[in-house]
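Please read all numbers here as calculations on a predicted model, not as lab measurements. Convention: sequence-line order gives letters A, B, ...; per-chain numbering from 1.
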There are 2 protein chains.
Amino acid sequence: MKKGLTKICHRFFTNLANPTRLAALEQLMDKPMSVNELATALGQEQSMISHNLKPLLQCNLITIQKQGKKHIYTVNQETLSPIFEAIQNHAQKFCPTGGKCLKGEN
Amino acid sequence: MKKGLTKICHRFFTNLANPTRLAALEQLMDKPMSVNELATALGQEQSMISHNLKPLLQCNLITIQKQGKKHIYTVNQETLSPIFEAIQNHAQKFCPTGGKCLKGEN
DNA sequence: ACTTTATATGAATAAATATTCATATGAATT
DNA sequence: AATTCATATGAATATTTATTCATATAAAGT
C-alpha cells in the first residue's frame, strides 16, 4: 500500500461498510435507478435511501443524473467491479464455508 | 456484484473501515511484524493492536505465525494488494485533489 | 398560483464500534 | 517454580455511525 493512503482508504471503506449502501449498490450494479425505485426494491424508506446515497455520491462511487424531478443514480462500475470481484475471490478461497468468518458464526 | 454477496462484503468492509487496522495493514504490507513491533511503529498500546488484529485474522486478511512467545503477523497480499490498488486508481481518477471527497473537506 | 410527486435535509434517538485499563494466559529464562 | 516478556481478553466507557420522523426544496402538472 502506498504510504499515506490510509486516510482515503478509511473514508472509502467506511462508505462501503454499511448494509443499506451495499444493498443499494447491488441493485445499481444491475441497472441505474431512481431513489424511489431503490426504496421500493429494498423495502426501505425514501429518506433512508437518500441519506445513504449521499456519501456514495460524494466519494464518486455512484453518479447522479437528474431527469426532471427524478434523480437517476448509476454505480461506478469501473471502481467497484474489480473490488467486488476481489472480495468474491477472497471469499471463495479463504471463507470456503461461505461465511465461517462471519460474526456470530465462529 | 453476485447476488447475496452483500453480507460477506459488509463484514469485509467493516473490518477494513478502521484507521488503526488500516495503519497496521500498511505496516504489514512492508514486512511481517510482531504485535509489539506494530504497537511501537504505530505509537499505540499493545492491547489496542491485539484487539484490532483479531478481526483481521478472523477474516484471513492477515495470518499468524507463532515463534515462541512472539506472534508474527503477515498481511494477505493476494487479497489486499489488488484492492488497495483499485482504491489508488479510484483516488487518482475521481479524487484529483487527493481528498476533496474527504470528510470535513467538502 | 396551487397541488402533487420526487428527493433532500436536519435533528433527535438508537445502535454499533472503538478505545482504554486492568488482568489473564502462556512461553521462555533464571 | 518464580520471574520476565509477549500477547490476548473482558468489561466499562467513549465515540462514531445509522435510523427515524418531521419538514424543506424543487420540478411538473392542473
For [Y], does its backbone N or O pair with a side-chain atom of [X] as donor and acceptor, under 3.5 Å?
X: R21(B); Y: L53(B); value: no
X: N52(B); Y: M48(B); value: yes
X: E37(B); Y: S34(B); value: yes

| task | Measure the spacing between NZ of K66(B) and OH of Y73(B) and express it to the nearest 0.5 Å. | result |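 K66(B) atom NZ to Y73(B) atom OH measures 7.5 Å (nearest 0.5 Å).
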| query | If you measure from CD1 on I62(B) to CD1 on I72(B), what distance do you get to the nearest 0.5 Å? | reply |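 I62(B) CD1 to I72(B) CD1: 12.0 Å, rounded to 0.5 Å.
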Nearest whole angstrom, please: distance from the [atom2] of [N] to the [atom1] of [X].
X: N15(A); N: dT16(D); atom1: CG; atom2: P; result: 17 Å
X: K66(A); N: dA27(D); atom1: NZ; atom2: P; result: 8 Å
X: N36(B); N: dT4(D); atom1: CG; atom2: C1'; result: 13 Å
X: H71(A); N: dA26(D); atom1: NE2; atom2: P; result: 10 Å
X: H10(A); N: dT17(D); atom1: NE2; atom2: C1'; result: 11 Å
X: L38(B); N: dA8(D); atom1: CG; atom2: C1'; result: 15 Å
X: M33(A); N: dT7(C); atom1: CE; atom2: P; result: 12 Å
X: E45(B); N: dA6(D); atom1: CD; atom2: P; result: 16 Å

Side chain of [X] only, please: which of [options] is the nearest?
X: K54(A); options: dA18(C), dT9(C), dT7(D); value: dT9(C)
X: T14(B); options: dT17(C), dA18(C), dT20(C); value: dT17(C)
X: K69(B); options: dC5(D), dT7(C), dT7(D); value: dC5(D)
X: M48(A); options: dT19(D), dA8(C), dT9(D); value: dT19(D)

Under 4.0 Å between a side-chain N or O of [X] and OP1 or OP2 of [N]?
X: N18(B); N: dA18(C); value: yes
X: T20(B); N: dT19(C); value: yes
X: Y73(B); N: dA6(D); value: no
X: N52(B); N: dA18(C); value: no

| message | Using a distance-only criterion (donor-acceptor N/O pair, under 3.5 Å, no hydrogens), is the base of dT20(D) paired with the side chain of H51(A)? | response |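 Answer is yes: a donor-acceptor pair is held.
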| field | Quiz item: Q46(B) side-chain donor-acceptor pair to dA8(D) base, under 3.5 Å | value |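 Answer is yes: a donor-acceptor pair is held.
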| task | Identify, between S47(B) and G68(A), the residue whose nearest nucleotide on DNA chain D lies closer to the 5' end. | result |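 On the 5' side of the pair lies S47(B).
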